[in-house]
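Structure, as C-alpha coordinates:
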Amino acid sequence: MGNSGSYSAVGNTQTQSSGKKYHTKCICVGCGCSENMCEPALATDIRCCCFEAAVKTDPSLCKDTDHLCYGRMGLKVGPAVLDVTNPFVDKHELIVVCEKKVF
(Lines give C-alpha, C1' and ligand atoms only; values in the text may rest on other atoms or scores of the structure.)
Protein backbone atom coordinates (compact mmCIF):
# COMPACT_ATOMS: atom_id res chain seq x y z
CA MET A 1 0.00 0.00 0.00
CA GLY A 2 2.30 2.79 1.19
CA ASN A 3 1.97 6.12 -0.58
CA SER A 4 0.85 4.69 -3.90
CA GLY A 5 -2.21 5.94 -5.75
CA SER A 6 -3.95 2.64 -5.04
CA TYR A 7 -4.12 3.40 -1.31
CA SER A 8 -7.90 3.22 -1.60
CA ALA A 9 -9.82 1.89 -4.59
CA VAL A 10 -12.61 4.40 -3.95
CA GLY A 11 -10.10 7.26 -4.26
CA ASN A 12 -10.41 8.53 -0.69
CA THR A 13 -7.04 10.01 0.35
CA GLN A 14 -8.43 12.48 2.91
CA THR A 15 -7.89 9.89 5.64
CA GLN A 16 -4.29 9.14 4.62
CA SER A 17 -1.88 10.72 7.13
CA SER A 18 1.23 10.72 4.93
CA GLY A 19 1.59 13.90 2.92
CA LYS A 20 -0.18 15.99 5.58
CA LYS A 21 1.47 18.59 7.86
CA TYR A 22 3.11 17.28 11.02
CA HIS A 23 2.93 13.69 9.71
CA THR A 24 3.94 11.29 12.47
CA LYS A 25 3.90 7.49 12.40
CA CYS A 26 4.71 4.82 14.95
CA ILE A 27 4.74 1.27 13.55
CA CYS A 28 1.22 1.08 12.01
CA VAL A 29 -0.58 4.15 13.39
CA GLY A 30 -0.09 7.52 11.70
CA CYS A 31 -1.45 11.02 12.23
CA GLY A 32 -1.16 14.42 10.59
CA CYS A 33 -2.94 17.75 10.21
CA SER A 34 -4.92 18.62 7.08
CA GLU A 35 -5.05 22.18 5.72
CA ASN A 36 -8.74 21.86 4.73
CA MET A 37 -10.77 22.02 7.92
CA CYS A 38 -14.23 21.37 6.46
CA GLU A 39 -13.62 19.85 3.04
CA PRO A 40 -14.56 17.17 4.11
CA ALA A 41 -15.53 17.81 7.72
CA LEU A 42 -15.72 14.06 8.42
CA ALA A 43 -14.27 11.20 6.39
CA THR A 44 -13.70 7.52 7.04
CA ASP A 45 -12.64 4.57 4.98
CA ILE A 46 -11.78 0.93 5.52
CA ARG A 47 -10.01 -1.62 3.38
CA CYS A 48 -9.54 -5.19 4.52
CA CYS A 49 -8.78 -7.97 2.02
CA CYS A 50 -11.70 -7.87 -0.43
CA PHE A 51 -13.91 -5.47 1.60
CA GLU A 52 -13.70 -1.71 1.08
CA ALA A 53 -15.98 1.15 2.11
CA ALA A 54 -15.73 4.95 2.31
CA VAL A 55 -17.99 7.71 3.66
CA LYS A 56 -17.47 11.47 3.85
CA THR A 57 -19.43 14.54 4.94
CA ASP A 58 -18.45 17.58 2.89
CA PRO A 59 -20.38 20.82 3.57
CA SER A 60 -18.71 22.47 0.56
CA LEU A 61 -20.95 20.33 -1.69
CA CYS A 62 -24.08 22.07 -0.34
CA LYS A 63 -23.35 25.72 -1.07
CA ASP A 64 -26.60 26.31 -3.00
CA THR A 65 -30.13 25.19 -2.10
CA ASP A 66 -30.51 23.19 -5.33
CA HIS A 67 -27.59 21.01 -4.19
CA LEU A 68 -29.86 19.60 -1.47
CA CYS A 69 -31.78 17.69 -4.17
CA TYR A 70 -28.76 15.83 -5.53
CA GLY A 71 -28.62 12.32 -4.19
CA ARG A 72 -28.00 8.77 -5.22
CA MET A 73 -27.47 5.36 -3.66
CA GLY A 74 -26.24 2.18 -5.33
CA LEU A 75 -25.89 -1.47 -4.35
CA LYS A 76 -24.56 -4.53 -6.15
CA VAL A 77 -24.93 -8.11 -4.96
CA GLY A 78 -23.61 -10.74 -7.37
CA PRO A 79 -25.07 -9.97 -10.79
CA ALA A 80 -27.94 -7.82 -9.46
CA VAL A 81 -27.52 -4.02 -9.39
CA LEU A 82 -29.91 -1.60 -7.67
CA ASP A 83 -29.80 2.19 -7.58
CA VAL A 84 -32.06 4.88 -6.17
CA THR A 85 -32.07 8.41 -7.61
CA ASN A 86 -34.09 11.58 -7.13
CA PRO A 87 -36.80 11.69 -9.87
CA PHE A 88 -36.98 15.51 -9.67
CA VAL A 89 -33.31 15.83 -10.66
CA ASP A 90 -32.83 12.68 -12.76
CA LYS A 91 -35.75 13.21 -15.19
CA HIS A 92 -34.29 11.61 -18.32
CA GLU A 93 -35.17 8.03 -17.23
CA LEU A 94 -38.37 7.76 -15.20
CA ILE A 95 -39.67 4.40 -16.46
CA VAL A 96 -37.42 1.92 -18.29
CA VAL A 97 -38.33 -1.72 -19.03
CA CYS A 98 -35.61 -4.09 -20.32
CA GLU A 99 -33.39 -1.21 -21.46
CA LYS A 100 -36.26 0.52 -23.34
CA LYS A 101 -37.39 3.92 -22.12
CA VAL A 102 -41.18 3.96 -21.61
CA PHE A 103 -41.56 7.38 -19.99
Side-chain angles (χ1 to χ4, degrees):
M1 281 188 217
N3 292 337
S4 68
S6 63
Y7 182 77
S8 175
V10 292
N12 190 5
T13 59
Q14 289 98 359
T15 59
Q16 185 176 354
S17 64
S18 63
K20 307 285 191 282
K21 284 187 174 183
Y22 310 113
H23 171 66
T24 305
K25 187 168 187 175
C26 181
I27 304 173
C28 65
V29 177
C31 65
C33 188
S34 175
E35 292 185 20
N36 296 330
M37 180 145 176
C38 293
E39 294 180 17
L42 174 68
T44 182
D45 66 19
I46 183 170
R47 185 175 190 178
C48 182
C49 298
C50 64
F51 175 77
E52 184 166 0
V55 175
K56 73 177 182 177
T57 302
D58 193 347
S60 69
L61 298 175
C62 288
K63 291 182 179 175
D64 299 323
T65 55
D66 63 330
H67 292 161
L68 297 173
C69 295
Y70 298 156
R72 177 187 180 284
M73 188 210 52
L75 172 70
K76 180 181 184 292
V77 178
V81 179
L82 171 75
D83 69 344
V84 179
T85 59
N86 186 342
F88 297 112
V89 175
D90 192 18
K91 298 176 185 176
H92 69 281
E93 290 183 338
L94 292 179
I95 300 175
V96 179
V97 178
C98 294
E99 300 181 21
K100 293 186 188 225
K101 192 184 305 186
V102 177
F103 181 72

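Between the side chain of Lys21 and the backbone N or O of His23, no donor-acceptor pair lies under 3.5 Å. A donor-acceptor pair is defined here as one N or O able to donate and one able to accept, closer than 3.5 Å; such a pair exists between the side chain of Thr24 and the backbone of Tyr22.
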Side chain to side chain contact (heavy atoms under 4.5 Å, CB included) between Leu75 and Val77, worked out: CA-CA 7 Å; Leu75 172 70; Val77 178; 4.2 Å; yes
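For the side chain to side chain contact (heavy atoms under 4.5 Å, CB included) test, residues two or more places apart in sequence or in another chain that qualify with Leu42 are Thr57. The side chain to side chain contact (heavy atoms under 4.5 Å, CB included) test applied to Phe51 returns Ile46, Ala53, not counting sequence neighbours.
The CG atom of Leu82 sits 12.5 Å away from atom NZ of Lys76, with the distance rounded to the nearest 0.5 Å. Glu52 contributes atom CD, which lies 7.0 Å from atom CG of Asp45 (distance to the nearest 0.5 angstrom).
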